[in-house]
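No experiment lies behind these values; they were computed from the predicted model shown. To find a chain, count down the sequence lines: A is the first, B the second, and so on, and within it residues start at 1.
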Amino acid sequence: MARYNPKEAEPRQLARWAAANTFLTKADPQKPKYYVLEMFPYPSGRIHMGHVRNYAMGDLVARFKRARGFNVLHPMGWDAFGMPAENAAMERKIHPKGWTYDNIKNMRGELQRLGLSIDWTREFATCDPAYYGQQQKWFLNLLKHDLVYRRESQVNWDPVDMTVLANEQVIDGRGWRSGAVVEKKKLTQWFMRITRFADDLLEGLSTLERWPDKVRTMQANWIGKSRGLKMRWRFDGAAPEGFADGVEVYTTRPDTLYGASFIALAADHPLAHAAAEQNPALADFIASLNRGGVSQADIDTAEKQGFDTGLRVAHPFIDGQTLPVWVANFVLMDYGTGAIFGCPAHDQRDLDFARKYDLPVREVVLPQGADADSFTVGKDAYTGPGRIFRSGFLDGLEIEAAKDAAIDRIESMGLGEGATVFRLRDWGVSRQRDWGCPIPVIHCETCGVVPVPDDQLPVTLPEDVTFDVPGNPLERHPTWKHVKCPHCGKDARRETDTLDTFVDSSWYFARFTDPTATEPINKQAADYWLPVDQYIGGIEHAVLHLLYARFITRALNHCGYLDVKEPFAGLFTQGMLTHETYKDAKGQWVEPGDIEVETVDGQRVARRLSTGETLSIGDVEKMSKSKKNTVAPEDIFDTYGVDSARLFVLSDSPPERDVQWSTSGVEGSWRFTHRVWDLFDSLPEADVPCANEAVALDLRKAAHKAVKAVTEGFEGFRFNAAIAKLYELVTTIRTNDISVVGSQARRDALELLAGLIAPVTPHLAEECWTRLGKDGLVAEAPWPHFDPALAQDDAYIMPVQVNGKRRGELLIRVGATEDEIRDAALADEAVKRHLDGVSIRKIVFVPNRILNFVVG
RNA sequence: GCCCCUGUGGUGGAAUUGGUAGACGCGCUCGACUCAAAAUCGAGUACCGCAAGGUGUGUCGGUUCGAGUCCGACCGGGGGCACCA
């Protein structure tokens with residue numbers, strides 16, 4: 001008997017899998033395929049516990065499906081472009097490339113140590129020219145299909161770092177890195193036309209049955225489809241130059257047109273600019289709005305501000321009534337038409353604005369039960385249901401009917417049409433950065449934007465760039481951007497913007513199907529493998545990454561690269577890893593590695609090992625470096641072995657929920673691995689006749705029931721519940737076996753157990769498999785199957801209720817009739833007591849479940 | 001403000017469709033082994049009660065023979081979106 005030694009066993013099994021090429025995958029149309037993918041990691045340098053959980057889950061699914069007879073694709077790669085590499089380059093005066101590939105090498109080793117059933121021959125990094133070169137190819141194809149375009153747009157510009165910032169990188173109006181006040185700047189940027197697929201991306205959500213509802217809802221909200229009316233308001237008097245048709249507004253409430261009391265324009269609206277040309281005060285007002293902060297806090301607290309342009313428009317339905325045209329800070333240029341009509345009585349923002357500037361408030365929707373003569377709004381706009389009144393031809397209609405009627409009337413007057421508007425905007429993909437995929441075009445003064453010819457791809461990044469000054473190193477590079485126009489041969493300029501790294505991660509799953517293809521996608525391979533059957537990753541990607549990937553898949557489909565439109569048939573969003581936090585007397589965070597927690601008089605007390613001081617125990621929070629509540633996977637692997645770590649992150653909580661890391665928890669998993677090994681290690685070499693057939697049958701039944709339960713649990717992503725069944729089976733084999741040790745029944749139960757634990761603790765499972773005398777690998781063995789007859793009990797306990805209260809229980813043999821069960825219940829002492837002196841009005845009998853006497 | 005999720009012992013959580021609430025793990029208590037400790041093994045562990053019995057899944061109400069599960073209102077926790085017309 002030897003204690004299980006993961007340090008010895010784990011490398012041994014890794015070597016066996018590698019030698020047997022167990023996880024190499026080939027397309028095989030004869031076999032059903034299953035594509036399991038976990039969101040690929042950013043090569044930050046080290047793996048963390050979150051990775052361990054993510055990849056342990058994917059590996060469980062991959063190994064389980066492989067055993068179930070599927071041809072499984074389970075690849076791994078690196079989302080390797082991005083800012084952290086540039087920051088490291090800046091700090092260490094090195095090139096991002098070296099830093100990134102060093103990190104990949106290190107993290108690959110750590111992931112391989114985890115024993116993941118990955119086909120490493122398919123590995124790539126998005127910063128490999130072989131990958132991003134293919135990305136450039138399809139990018140140009142999208143350009144040809146008008147799915148990529150350039151336009152001027154307003155961006156958050158950091159004047160110190162000389163770069164565009166995403167909205168979430170602007171904090172209190174300042175750049176998150178430089179602290180400089182962010183400017184609004186117009187810049188010509190590259191965009192992807194995601195809005196062309198807005199409707200399709202929304203519709204497609206309903207086909208994604210194996211996605212969490214939460215994610216589908218979030219995407220639907222993000223796409224934000226609304227139906228309404230685009231209509232033009234004619235000017236009263238002379239129209240400003242270029243606005244002869246009037247000003248176009250978008251509304252979802254055409255039913256409230258009779259309540260309109262003003263028009264409001266966004267500060268950047270062309271009409272606002274036109275009006276400002278004649279009006280210096282208005283020009284000042286617009287300029288002041290552009291200086292305002294852009295942070296969420298600023299927007300939340302900003303007071304409504306407006307400026308009357310002096311222009312007036314005519315109401316389409318009310319002869320002789322005119323409305324003033326204002327410029328207002330709460331109107332957004334990039335939603336709808338950048339102009340609205342204000343109906344203060346039924347929109348809170350309009351009401352706030354109207355009260356401040358003393359504009360009329362006209363109620364036109366009457367809530368049920370309100371009095372038409374006296375109904376008025378005060379500080380709160382009325383946005384609920386009701387009937388339209390004071391509204392001419394709309395009077396008496398419900399809101400929805402009134403919307404239709406108003407749209408019909410505006411359309412017949414030739415002033416507008418019903419319209420669908422999306423919140424979704426086109427995707428700005430330009431980044432003024434070095435460490436990203438170069439946008440493969442050349443700007444020529446004569447020929448304009450010229451795609452880089454196919455035979456000159458990939459456009460690779462120069463390696464002699466410097467990061468000692470802010471701004472885009474590609475822009476500063478002495479020679480890189482100076483090229484000849486491929487069209488006319490004159491001096492031209494290479495595009496120095498690189499692509500948003502979200503582009504890189506929007507098609508990698510397709511590239512994995514044949515990572516060496518000479519075209520972006522090997523269609524035959526993609527047709528076989530796609531869509532991904534099970535995608536696993538964090539909820540934080542619910543919108544951006546998952547929406548971009550769905551869009552790019554449609555775009556690639558549109559250009560003929562792919563047959564599928566949806567990349568991920570099944571999505572699972574796993575929870576995060578959390579840990580208790582600890583602080584010393586000075587309020588400094590303390591790492592868990594230096595802490596021992598004990599229970600003293602029922603109170604948990606944390607003590608710092610290095611100094612002995614007592615620490616305060618804080619909340620359980622997401623593992624993060626800043627709170628120092630992380631644990632290093634490598635340390636855990638060294639202490640408990642990889643299998644214990646994998647087991648714990650899967651066993652303690654449902655996979656979609658956060659799991660709290662604890663030393664005592666992983667020790668429980670560690671104990672389990674030893675208990676399992678002891679069962680196998682103590683098995684006699686030769687079979688011994690069974691001493692007790694009844695006990696042996698019980699053992700067989702327990703094993704087959706466990707196979708059934710674990711199979712269902714793995715299938716349904718209830719890993720924690722399935723693992724609990726494994727614990728039960730192990731306990732059963734350990735405790736009920738005295739008379740069957742060495743028997744075939746026990747050997748059979750252990751063989752089933754080895755198969756069941758293989759997806760969770762694969763190294764241990766192989767050790768056990770070998771100990772059973774099996775020649776091959778459990779990783780290549782078919783999934784344990786159960787005999788339904790054995791997985792079923794032949795007797796069960798049925799509770800007996802009187803008036804719904806449990807009063808007794810009966811041991812019932814399978815196949816007993818209702819009459820037999822009822823008679824047995826009536827003979828039961830405890831039941832009899834409660835039926836004494838009352839009459840039975842009704843008997844509720846649910847086979848295998850319950851017997852309930854209803855008495856009166 | 002709008003939308004979504006969630007609330008079960010000391011604790012993480014079980015309870016496929018309404019049918020024995022608390023599986024399994026952690027912690028704790030007691031015991032075995034040990035000079036002792038650790039490790040390991042065994043027993044116990046929702047609450048009240050000596051017991052019979054009673055009470056219990058955030059609160060209040062409803063549907064039902066029967067509710068953790070379904071419905072309504074409220075309270076707490078978490079997440080997403082947000083001057084989106």
**Prompt:** What integer number of Å spans the C1' atoms of G80(B) and C70(B)?
**Reply:** 27 Å
**Request:** Using a strict cut-off of less than 4.0 Å between a Lys/Arg side-chain nitrogen and an Asp/Glu carboxylate oxygen, indicate whether Asp199(A) and Lys225(A) qualify as a salt bridge.
**Result:** yes
**Rounded distance [0.5 Å steps], CZ in Arg550(A) versus CG in Leu202(A)** = 8.5 Å
**Interatomic distance, Phe330(A) CZ vs C83(B) P [rounded to whole Å]** = 13 Å
**Asked** If we take the P atom in both U57(B) and A21(B), what is their distance in whole Å?
**Response** 12 Å
**Asked** How close or far is atom C1' of C26(B) from atom CD1 of Ile723(A), stated in whole angstroms?
**Response** 15 Å
**Request:** Can you tell me the distance, in whole Å, between the CD1 atom of Ile850(A) and the C1' atom of A67(B)?
**Result:** 13 Å
**Request:** Give the nucleotide from the list C84(B), U55(B), G79(B) with an atom nearest to the side chain of Lys214(A).
**Result:** G79(B)
**Message:** Do the side chains of Glu809(A) and Arg806(A) get close enough for a salt bridge, i.e. N-O under 4.0 angstrom?
**Reply:** yes
**Message:** Tell me the interatomic distance from Asn221(A), atom CG, to G79(B), atom C1', rounded to whole angstroms.
**Reply:** 13 Å
**Request:** Determine the interatomic distance between C1' on A39(B) and the same-named atom on A23(B); round to the nearest Å.
**Result:** 27 Å
**Asked** What's the CD-P distance between Gln574(A) and C5(B), to the nearest Å?
**Response** 21 Å
**Asked** If you measure from the C1' atom in A14(B) to the same atom in U59(B), how many Å do you get, rounded?
**Response** 25 Å
**Message:** In whole Å, measure the gap between the C1' atoms of G44(B) and G10(B) for me.
**Reply:** 15 Å
**Request:** Would you indicate what Tyr727(A) reaches in the nucleic acid, counting non-hydrogen atoms under 4.0 angstrom: base, sugar-phosphate, or nothing?
**Result:** sugar-phosphate
**Message:** Students often get this wrong, so: under 4.0 angstrom with heavy atoms, is Gln348(A) touching a base, only sugar-phosphate, or nothing?
**Reply:** nothing
**Asked** When you measure from the centre of the six-membered ring of Phe353(A), is the NZ or CZ of Lys304(A) under 6.0 Å away and within 45° of the axis?
**Response** no
**Request:** Name the orientation class of the two ring planes belonging to Phe717(A) and Phe719(A) (parallel below 30°, tilted from 30 to 60°, perpendicular beyond 60°).
**Result:** tilted
**Request:** Could you measure between the two P atoms, the one in G79(B) and the one in C74(B), and give it in whole Å?
**Result:** 23 Å
**Asked** On a whole-Å scale, what distance lies between the C1' atoms belonging to U40(B) and C47(B)?
**Response** 33 Å
Show each protein N/O and nucleotides 11-15 of chain B N/O combination with a separation under 3.5 Å, one pair to a line.
from, atom 1, to, atom 2, distance (Å)
G12(B), O2', Asp652(A), O, 3.2
G12(B), O2', Asp652(A), OD2, 3.3
G12(B), O2', Ser653(A), OG, 3.0
G13(B), O3', Asn720(A), ND2, 3.4
A14(B), OP1, Asn720(A), ND2, 3.2

**Asked** CH2/Trp661(A) to CD1/Ile636(A) distance, rounded to the nearest 0.5 angstrom?
**Response** 4.5 Å
**Asked** Is a donor-acceptor pair below 3.5 Å formed from side chain Lys304(A) to base C83(B), judging by atom type as modelled?
**Response** yes
**Message:** Considering every strand and a 4.0 Å limit on heavy-atom distances, what is the contact class for Ile797(A): base, sugar-phosphate, or nothing?
**Reply:** base
**Cationic N near anionic O, under 4.0 Å, Lys708(A) to Glu712(A)** = yes
**Request:** Starting from P on G66(B), measure out to CG on Leu851(A) and report it in whole angstrom.
**Result:** 15 Å
**Prompt:** Dot-bracket, RNA chain B: Watson-Crick or G-U, under 3.5 angstrom, [ ] crossing, | other strand?
**Reply:** (((((((..(((......[....)))((((((.......))))))(((....)))..(((((..]....))))))))))))....
**Fill in**
Residue pair Pro799(A)/Ala724(A) against RNA chain B: nearer the 5' end by closest nucleotide is Pro799(A)
**Message:** Students often get this wrong, so: under 4.0 angstrom with heavy atoms, is Gly336(A) touching a base, only sugar-phosphate, or nothing?
**Reply:** nothing
**Asked** When the distance from CG of Asp380(A) to C1' of G1(B) is rounded to whole Å, what number comes out?
**Response** 11 Å
**Item:** Worked verdict on Arg216(A) versus Asp213(A) for salt bridge (Lys or Arg N to Asp or Glu O under 4.0 Å)
**Value:** CA-CA 5 Å; Arg216(A) 293 196 282 177; Asp213(A) 288 342; 2.9 Å; yes
**Request:** Consider the side chain of Arg806(A), meaning its heavy atoms from C-beta on, and name the nucleotide among U20(B), C41(B), G19(B) that approaches it most closely.
**Result:** U20(B)
**Prompt:** Looking for any heavy atom pair under 4.0 Å, which part of the strands does Arg425(A) touch: base, sugar-phosphate only, or nothing?
**Reply:** base
**Fill in**
Leu726(A) CG to A23(B) P, in whole Å, measures 18 Å
**Message:** Roughly how many Å apart are C5(B) and C24(B), using the P atom of each and rounding to a whole number?
**Reply:** 32 Å
